[in-house]
Amino acid sequence: MTSIRARFAPSPTGHLHVGGARSALFNWLFCRRNNGAFILRIEDTDIQRNIEGADAKLREDLRWLGIDWDEGPDVGGPYASYNQSERLDLYKAAERQLLETGKAYYAFDTADELDAMRKEAIARKDNFRYPRPSNFPSDADAEKARADGRPVVVRFAVPNEPITVHDEILGDVTFGAGEVEDLVIVKSNGWPTYHFAVVVDDEQMKVTHVLRAQEHLMNTPKHVFMQRALGYATPVYAHLPLVFNIDGTKMSKRDKHKVVRTAVKEKLKSKAWTKEDAANVAQCDPAAFDRWLDKADTEMDMSQVSRLAEPAGAVIPEIDVHDFRVSGYLPEALLNFIVLIGWLPGEFREKLTREEMIAAFSIDRIGKTPGRFDRDKLLSMNTDYCAAATPARMLEAFRDWAAVSNSPLASLDDATAARAIEACKGMRTLRDIETKAGILFAPDEAVQFDPAAVKKVLDKKDGAGYAMLAKLLPVIDAQEPWTAEAVDGLIKKLCESEGVGMGDIAQPLRVAVAGKPVSPGIGETLVLLGKGKTVNRIRRCLALQA
RNA sequence: GGCCCGUUGGUGCAGAGGUAGUCACGCCGCACUUUCCAUGCGGAGACGCGGGUUCGAUUCCCGCACGGGUCACCA
């Protein structure tokens, strides 16, 4: 029996995408379930696209989710290196083998020439397939072409025969003869293309199972043909259903641009902004902004897009794992949510710990239908996880969130943070703690009074709210002890003596100390604030009246 | 356009040749209530269409429609 080996092979172009996280998770679960080895391999053969430090981010995102690996760039392993950029010799050897056996050949077309051929094919309503020469160029021809300044690539000569690939999820999938074109396997800069590198690496790393997104299904015949040509084993394939947005479109990083672009266009249409205004807000070159507006996502980077989001009234959707971390999701909740996209354990049970997922995982329970990324469901799941987590866990998660999101609450001491968390029970995300209680830890001058709240809670009925505050001030000042229970008790007693409801007292107080009608329970709110600041803020609020 | 995959309430998922179901999210209503959140209870809501096989099909077969993926010197 061969031992199971599977890998997750991202390219270092940024943070880990939730779709990628799902692929990583499934491979990881599969390995853990079957005592296999989980490999992390960095596919960095596209030198231009690699982003500095992206692999470190990727690893951090994976670790945050609780996914670890047995072999990889940082932990090493028997088949190092685990960075494709350090494995050129291997690809060169395989390239040589293919060239010498006449299963691959040199080609010298320029990008423009290829483009013209494709356009011509489209004009003829034909599918473009690279025309294989009847005689393959020799090494000397390649040398000469290089010397002439022509690009030299190597193409794989795909056998002209039908192929059936077996997929553990989809069953047998057949492709007709001639469906697959002679793909480039070595680029003109000498680096292998993805297709070639995966095949070589999977063989060399003895990968037995490949669980990957269904967008790779069409690549599988290419890979299998190459495996045969090289005398390699073919791993077991399982193509995971795609992850869609709730509206059925494919979830992608582009969605971030899309949302902001749509909002910006609204602004322009309503003449609220001019293009110059928008480019200024984005701190972007106007010409580049124009191109961006015309769907060129690469023309502005995320920091520029982010600057536009709020003023344009757009909320950038979370796409990367890191986005969810910054938004205040618990990794265990995100993980649980992600595992449910395309998979469900046998029983009617959704909440699963990592260990339960491992115990229950099997490929044959993976569905074929695309999963939709239902943000409401995630939110609800996170709410449940927050409610179920121990105080110690919540404190730890809160600290992590405060750090990665640059929250001012990062400076709270443990005891205070724990109380703030407790006061915000029922929160949906960790960020709710900041939106709900953050103002209590800010300087008194930072309180901004929300006009609508002032009108509704304080001004109404000839300033009854203000009157109540004035009456409350000395009582609160004299209150001892200053605990949530005691303060709540005090207010309840006042309700009776004044003959009013809780709302008539709690709401004015809330607006006075928080500037808005939202905060934790009133006793908690005032105690978290402290008596001195409570009194100070009430005075500050009363000054509004004049 | 070629090729490939998919189609059970708004979403995720069960299900069996005899005319659909649990759970969860969402939605609606009610309750609780000092705000927001949360919580409790109740409710509405579906087998894409057309053929065929069959006594009978949502379940099997074919076609169509719809959705999606893929057709790079990106991975």
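All chains are named by letter (A, B, ...) in the order of the sequence lines, taking the proteins before the strands, and each is independently numbered beginning at 1. This one's a predicted model, so the numbers in the text were calculated from it and none came from an experiment.
The side chain of A/Leu114 lies closest to B/rC73 when the candidates are B/rA75, B/rC73, B/rA14. Distances were taken from every side-chain heavy atom of A/Asp46 (C-beta onward) to each of B/rG6, B/rA75, B/rA72; the shortest belongs to B/rA75. In this structure, the nucleotide among B/rC3, B/rA24, B/rC73 sitting nearest to the side chain of A/Lys377 is B/rA24. The side chain of A/His195 approaches B/rA75 more closely than any other nucleotide in the set B/rA75, B/rA72, B/rC5. Set against B/rC73, B/rG2, B/rA75, the side chain of A/Glu179 has B/rG2 as its closest nucleotide.
For the P atoms, the distance linking B/rG42 with B/rC23 amounts to 10 Å, nearest Å. The same atom, C1', is picked in B/rC13 and in B/rG29; the two are 26 Å apart, to the nearest Å. B/rG17 and B/rA24: their C1' atoms are spaced 30 Å apart (whole Å). Annotation: B/rU11 and B/rG67 have their C1' atoms spaced 15 Å apart (nearest Å). Going from the P atom of B/rG52 to that of B/rG45 covers 31 Å, rounded to whole Å. B/rC62 and B/rG6 are spaced 12 Å apart, taking the P atom of each and rounding to whole Å. When the C1' atom is used for both B/rG48 and B/rG2, the distance is 25 Å, rounded to whole Å. B/rA57 sits 14 Å from B/rU8 when the C1' atoms are compared, rounded to a whole Å.
Where A/Phe175 and A/Asp44 each meet RNA chain B at their nearest nucleotide, the meeting point lying more 5' is that of A/Phe175. Annotation: of the two residues near RNA chain B, A/Ser380 and A/Asn127, the 5′-most nearest-nucleotide partner is A/Asn127.
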Criterion side-chain contact (heavy atoms from CB on, under 4.5 Å) on A/Leu330 and A/Met381, from CA distance to verdict:
CA-CA 10 Å; A/Leu330 260 27; A/Met381 189 158 266; over 6 Å; no

Decide yes or no on side-chain contact (heavy atoms from CB on, under 4.5 Å) for A/Leu16 and A/Lys57, but give the supporting numbers first.
CA-CA 8 Å; A/Leu16 180 66; A/Lys57 285 183 182 173; over 6 Å; no

Can you list the steps and then say if A/Tyr194 with A/Phe196 is a side-chain contact (heavy atoms from CB on, under 4.5 Å)?
CA-CA 5 Å; A/Tyr194 156 76; A/Phe196 192 43; over 6 Å; no

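OP1 and OP2 of B/rC71 both lie 4.0 Å or more from every side-chain N or O belonging to A/Arg129. Regarding contacts with the backbone of B/rA75, a side-chain N or O of A/Thr45 is found under 4.0 angstrom from either OP1 or OP2. For B/rC73, the OP1/OP2 oxygens have a side-chain nitrogen or oxygen of A/Arg155 closer than 4.0 Å.
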Could you summarise the pairing of RNA chain B as dot-bracket text, marking Watson-Crick and G-U pairs under 3.5 Å with ( ) or [ ] inside the strand and | across strands?
(((((((..((((.......).))).(((((.......)))))....(((((.......))))))))))))....

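In this structure, A/His239 atom NE2 and B/rC4 atom P are separated by 15 Å, rounded to whole Å. Note: CG (A/Asp201) to P (B/rA75) measures 12 Å, nearest angstrom. To the nearest angstrom, P of B/rG12 lies 13 Å from CZ of A/Arg22. When the C1' atom of B/rG12 is taken as reference, atom CZ of A/Arg365 falls 13 Å away, rounded to whole Å. Protein atom CG of A/Leu242 is 11 Å distant from nucleotide atom C1' of B/rG6, rounded to whole Å. The nearest whole Å value for the distance from the CG atom in A/Leu183 to the C1' atom in B/rU70 is 14 Å. Atom-to-atom, OH of A/Tyr91 to P of B/rC73 comes out at 19 Å; the value is rounded to the nearest Å. A/Arg124 has its CZ atom 16 Å from the P atom of B/rG2, to the nearest Å.
Close placement of the A/His223 and A/His195 rings is indicated, their centers lying within 6.0 Å of each other. Taking the six-membered ring where the residue is Trp, the centroids of A/Phe156 and A/Tyr105 are separated by 6.0 Å or more. For an aromatic pair to be called close, the ring centres must be under 6.0 Å apart, and A/Phe324 with A/Phe373 satisfies this.
With a 6.0 Å cutoff to the six-membered ring centre and a 45° limit on the axis angle, A/Arg365 does not count as a cation-pi contact of A/Phe361.
Not a single donor-acceptor contact under 3.5 angstrom links the side-chain atoms of A/Gln214 to the base of B/rG6. Residue-to-nucleotide contacts include no donor-acceptor pair under 3.5 Å from the side chain of A/Thr193 to the base of B/rC73.
Evaluation of the side-chain hydrogen bond (donor to acceptor under 3.5 Å, both in side chains) rule for A/Ser188 yields no partner, not counting sequence neighbours.
Between A/Tyr130 and A/Phe128, the two ring planes are perpendicular [angle over 60°; tilted spans 30° to 60°].
Within the structure, the side chain to side chain donor-acceptor pair (under 3.5 Å) test picks out the following pairs touching residues 491-506 of chain A (sequence neighbours left out): A/Lys471-A/Glu498.
In this structure, A/Ser11 reaches the sugar-phosphate backbone alone: every heavy-atom distance under 4.0 Å involves primed, P, OP1 or OP2 atoms, never a base.
Summarising the geometry, atom CZ belonging to A/Arg22 is positioned 4.5 Å from atom CG belonging to A/Leu240; distances are rounded to the nearest 0.5 Å.
For the segment residues 215-222 of chain A, the set of residues with a heavy atom within less than 4.0 Å of an atom of RNA chain B comprises A/Glu215, A/His216, A/Leu217, A/Met218, A/Asn219, in numerical order. Less than 4.0 Å separates RNA chain B from at least one heavy atom of each of the following residues of residues 366-373 of chain A: A/Lys368, A/Thr369, A/Pro370, A/Arg372.
Contact between A/Ala453 and A/Gly515 at its shortest, heavy atoms only, is CB-O, 4.4 Å.
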Which letter, B, S or -, goes with each nucleotide of nucleotides 30-42 of chain B from 5' to 3', with contact meaning a protein heavy atom under 4.0 Å?
----BBBBSS---

